[in-house]
Peer 1: 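Right, I'll just put the structure down here and ask away after.
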Amino acid sequence: MRNIQQLLTERLQAILPEADREFGIVQSCQDSKFGDYQASTAMVLGKRDRKPPRELAEKLIAGLELSDLCERPEIAGAGFINFRLKPEFAVRELGAESLFAGPAGKPQNARIAEKPPAESRKIVIDFSSPNIAKPMHVGHIRSTILGDALARIHRFLGNEVIADNHLGDWGTQFGKLLYGYSHFLDDAALAADPLGELERLYKVANDLCEKDESVLDACRKELALLQRGNPDRLELWKTFTTVSWQAFTKIYDRLGVTFDEHLGESFYNDQLEEVISELKLKKIAEESEGALCIFFREIASLNDKPFLIQKKDGAALYATTDLATLKYRIKRWNPDEIIYVTDGRQQLHFQQLFTAAERWLAGVDWAPARRPKLSHVWFGSILGEDKRPLKTRTGDPIRLSDLLDEAEARAYLLVNEKNPDLSQDERKGIARAVGIGAVKYADLAQDRVRDYVFDWSKLLAFKGNTAPYLLYAVVRIESIYRKDRTLNSELRTQNTLSLKELEEIDLAKAILKFPEVVQASADDHRPHHLCFYLYNLAEKFSGFYENCPVLQSSGAIRESRLALCQKTAEVMRQGLYLLGIETVERM
RNA sequence: GCGCCCAUAGCUCAAUUGGAUAGAGUAUCGGCCUCCGAAGCCGAGGGUUGUGGGUUCAAAUCCCGCUGGGCGCACCA
């Protein structure tokens, strides 16, 4: 599929002087009564050159060659240039056998078009990053789902993605955990729910530390032993990580999330010293109050906020590991961009990290001339109905596995109600897809920077901007196919479109917008644009579905409508795939 | 004290990053199943975009000042 917005922009920019090209951007119209696309070029240039915008617009239109794409552009308002696509153009554009490269009907790894290698960017996406020895809870869901969606979107656009799970598998918490493990272990509990037991042991030790200084000392000693490589402690630590990774894998499998790497903090342990000495040598870091830190004296907002690299006892910190990780990623992958998907509370940290990295990379010989763009993609918190961070009644964080269980259970009840005749296996499968899809969609459909209120009834409402509504649109199309016994599937994919009714044209034009929306979602790391688009597409399909009978019509119209259904389903499936949401045939 | 973020219909959220008359869902009211899945569709009401200024052809969006809420700031990650 081609990006129509880009196509129009290129046409417009082609007739502008080099220096004015930045003003030649064509945008989608908010209101279809003005057209499908619009440009405000004439108003901007008219203002600058003190010329009447409408006259300028007239000149621009005269120079444009667009007859293959749209009707003659119209001038409206203060000088808008409005473009309206020709239905014949949509017919041609959608006439391809399959809208996406890759196996027909299977969105998985499809591309909009193969990018030439020179244009393909290499992007490391750092996301999910749960802590070892703790069950994943709702706090991890946004990073996991958002990061995965961004990975899928970038791959679809032809970029090379390295999905890297930066596990929290090292740090001071392991002293307490080791202490708890050796004093209070419940073997039966460990066998039944390993992560739950490890979490309990940590809590027991942590509580004791607050009351008893001697326990805290004991924990410090355990930590020191681990860090010095004591074989027993190291063995236990490995057990912790193995058990944890197994539990995480279960969750990732349920969510359909995959990684290319999962290099935890421990992986960078032996690289920290080198980073510290480099920073010292280049005089980027300096000693202060016994610790080693980086100051940003010339930046007003960071002036009084030092970035700590090393504690006075010599231990490294979060910042140190992040810098070492950056170095490793540059040396191993030399990426064009590194995206960190974390919650918004870490904004200061990443501001400091990026600023420090800039100085550091400018002074070392291993850094490439073209340094990676560093992006912090942050998100708000998930709140309960009381507008406080989402917790269980007892105040503990909600386990992700429990949340997913509940989503599936609730969806299962609804499937039973609606489709009791399906086999239990099928109902379970649908409940899984719908339940998990609903949780994911509720998260992705919202602008990530805002906190969002978690609400089961809204999530699984099956109407409005929800996963079930979108899945339902696909199900209706599937249902049409099942009932269509006169045509085989090959005929559907042929170029048999003829767009007459308003609803047909609207739907076809909505389909054409898919590439530009995916691009926009990637550009500002905001998949909710794609969600909103799919919702709009589903609404357009509903309008078509109500007003344009498919199976009841006949001849060329019937074929055309079946083909339109096919194209709609293709885009819906592909779009949902990019969000990490499975589609179903019945629900 | 310094800094970051948020504020849009009763409620939950959009607004293609400065574009045209601020849109959906929900809730309320009213229509539509001898017709492809009614988990749906159509219609009605609902707004000084927290507030006061400013910038310009154009501001929910950018700048400054307030108010209210969330969060972060030296040895946790």
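Order of the sequence lines fixes the chain letters, A, B, ..., with proteins taken first and strands second; residue numbering starts at 1 for each chain. Reckoned from all heavy atoms, side chains included, excluding hydrogens, waters and symmetry mates.
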Peer 1: Considering only the C1' atoms, how many Å lie between B:C36 and B:G30, rounded to the nearest integer?
Peer 2: 27 Å

Peer 1: Nearest 0.5 Å, what's the CZ-CG distance between A:Phe83 and A:Leu12?
Peer 2: 5.5 Å

Peer 1: Using the test ring-ring contact (aromatic ring centres under 6.0 Å, His included), find all partners of A:His137 that sit at least two apart in sequence or belong to another chain.
Peer 2: A:His140

Peer 1: If the plane angle is over 60° it's perpendicular, under 30° parallel, otherwise tilted; pick one for A:Phe350 and A:Tyr340.
Peer 2: tilted

Peer 1: Should A:His529 be listed as having a side-chain N or O under 4.0 Å from OP1 or OP2 of B:A15?
Peer 2: yes

Peer 1: Regarding A:Ser40, tell me which of base, sugar-phosphate or nothing describes its non-hydrogen contacts under 4.0 Å with the strands shown.
Peer 2: base

Peer 1: For B:A60 and B:U8, measure between their P atoms and round to the nearest Å.
Peer 2: 15 Å

Peer 1: Remember a base hit wins even if backbone is also touched, and classify A:Ser542 as base, sugar-phosphate or nothing at under 4.0 Å, heavy atoms.
Peer 2: sugar-phosphate

Peer 1: What orientation do A:Phe514 and A:Tyr533 show, parallel under 30°, tilted 30 to 60°, or perpendicular over 60°?
Peer 2: tilted

Peer 1: Between B:U48 and B:A22, how far apart are the two P atoms, rounded to whole Å?
Peer 2: 12 Å

Peer 1: Between B:G40 atom P and A:Leu470 atom CG, what is the distance in whole Å?
Peer 2: 12 Å

Peer 1: With a non-hydrogen cut-off below 4.0 angstrom, is A:Val44 in contact with a base, only sugar-phosphate, or nothing?
Peer 2: base

Peer 1: Once you apply a heavy-atom cut-off of 4.0 Å, does A:Val453 come out as touching a base, just sugar-phosphate, or nothing?
Peer 2: sugar-phosphate

Peer 1: Have a look at A:His528 and say if it touches a base, only the backbone sugar-phosphate, or nothing, with a 4.0 Å heavy-atom cut-off.
Peer 2: sugar-phosphate

Peer 1: Between P on B:C35 and OH on A:Tyr545, what's the gap in Å once rounded to a whole number?
Peer 2: 12 Å

Peer 1: For nucleotides B:C6 and B:U61, find the distance between their C1' atoms and express it as a whole number of Å.
Peer 2: 14 Å

Peer 1: Testing A:Val474, A:Leu471, A:Leu414 for side-chain contact (heavy atoms from CB on, under 4.5 Å) with A:Met587, which one passes?
Peer 2: A:Leu471

Peer 1: Say we look at B:C62 and B:A24: how far apart would their P atoms be, to the nearest angstrom?
Peer 2: 24 Å

Peer 1: For A:Glu289, answer base if it contacts any base atom (sugar-phosphate contacts may also be present), sugar-phosphate if it contacts only those atoms, and nothing otherwise; contact means non-hydrogen atoms under 4.0 Å.
Peer 2: base

Peer 1: Please tell me whether A:Asn465 and A:Tyr441 have a donor and an acceptor in their side chains that are separated by less than 3.5 angstrom.
Peer 2: yes

Peer 1: Can you measure A:Gln352 atom CD to B:G72 atom C1' for me and round it to whole angstrom units?
Peer 2: 10 Å

Peer 1: Output the rounded distance in Å from CD (A:Glu287) to P (B:A74).
Peer 2: 18 Å

Peer 1: Give one of base, sugar-phosphate or nothing for A:Ala520, where a contact means two heavy atoms less than 4.0 Å apart.
Peer 2: nothing

Peer 1: Just wondering, are more than 12 heavy atoms of other shown residues or ligands nearer than 6.0 Å to CG in A:Leu348?
Peer 2: yes

Peer 1: Distance alone, cut at 3.5 Å: any donor-acceptor contact between the side chains of A:Glu265 and A:Tyr318?
Peer 2: no

Peer 1: So A:Asp455, base contact, sugar-phosphate only, or nothing? Heavy-atom distance under 4.0 Å.
Peer 2: nothing

Peer 1: Using whole Å, report how far OH of A:Tyr535 lies from P of B:A24.
Peer 2: 9 Å

Peer 1: Do the side chain of A:Ser288 and the base of B:A74 come within less than 3.5 angstrom through a donor-acceptor pair of N or O atoms?
Peer 2: yes

Peer 1: Quick one: does A:Arg586's side chain have a donor or acceptor within less than 3.5 Å of a partner on A:Val475's backbone?
Peer 2: no

Peer 1: Give A:Asp322 one of three labels, base, sugar-phosphate or nothing, depending on what nucleic acid heavy atoms sit under 4.0 Å from its own.
Peer 2: nothing

Peer 1: Between A:Glu539 and A:Glu585, which residue's closest nucleotide on RNA chain B lies nearer the 5′ terminus?
Peer 2: A:Glu539

Peer 1: Cationic tip of A:Arg476 within the cone over A:Phe541's six-membered ring, i.e. under 6.0 Å and within 45° of the normal?
Peer 2: no

Peer 1: Mind checking the CG-OG spacing from A:Asp169 to A:Ser244? Nearest 0.5 Å is all I need.
Peer 2: 9.5 Å

Peer 1: Give the rounded distance in Å between these two atoms: CZ of A:Phe296 and C1' of B:A74.
Peer 2: 13 Å

Peer 1: Describe the nucleic acid contact of A:Arg526 in one word from base, sugar-phosphate, nothing, applying a heavy-atom distance below 4.0 Å.
Peer 2: base

Peer 1: If the P atom of B:U28 is compared with that of B:U67, how far apart are they to the nearest Å?
Peer 2: 39 Å

Peer 1: Figure out the CG/P separation between A:Asp447 and B:U12, and round it to whole Å.
Peer 2: 16 Å

Peer 1: Pairing of RNA chain B as dot-bracket, 5' to 3': ( ) intra-strand, [ ] crossing, | other strand, . unpaired, with Watson-Crick or G-U pairs under 3.5 Å?
Peer 2: (((((.(..((((.....[...)))).(((((.......))))).....(((((..]....)))))).)))))....

Peer 1: Applying a 4.0 Å non-hydrogen cut-off, can you work out what A:Tyr452 is touching in the nucleic acid: base, sugar-phosphate, or nothing?
Peer 2: sugar-phosphate

Peer 1: Nearest-nucleotide wise, let me know which of A:Ser381 and A:Leu292 is further upstream toward the 5' end of RNA chain B.
Peer 2: A:Ser381

Peer 1: List every contact pair, protein side and nucleotides 20-23 of chain B side both N or O, where the distance is under 3.5 Å.
Peer 2:
{"from": "B:A20", "atom 1": "OP2", "to": "A:Gln30", "atom 2": "OE1", "distance (Å)": "2.9"}
{"from": "B:A20", "atom 1": "N7", "to": "A:Gln38", "atom 2": "OE1", "distance (Å)": "3.0"}
{"from": "B:A20", "atom 1": "N6", "to": "A:Gln38", "atom 2": "OE1", "distance (Å)": "2.9"}
{"from": "B:A20", "atom 1": "N6", "to": "A:Asn82", "atom 2": "OD1", "distance (Å)": "2.4"}
{"from": "B:A20", "atom 1": "N6", "to": "A:Asn82", "atom 2": "ND2", "distance (Å)": "3.3"}
{"from": "B:A20", "atom 1": "N1", "to": "A:Asn82", "atom 2": "ND2", "distance (Å)": "3.2"}
{"from": "B:U21", "atom 1": "N3", "to": "A:Lys33", "atom 2": "NZ", "distance (Å)": "2.9"}
{"from": "B:U21", "atom 1": "O4", "to": "A:Lys33", "atom 2": "NZ", "distance (Å)": "2.9"}

Peer 1: Which whole-number value in Å describes the distance from A:Arg450 CZ to B:G70 C1'?
Peer 2: 13 Å

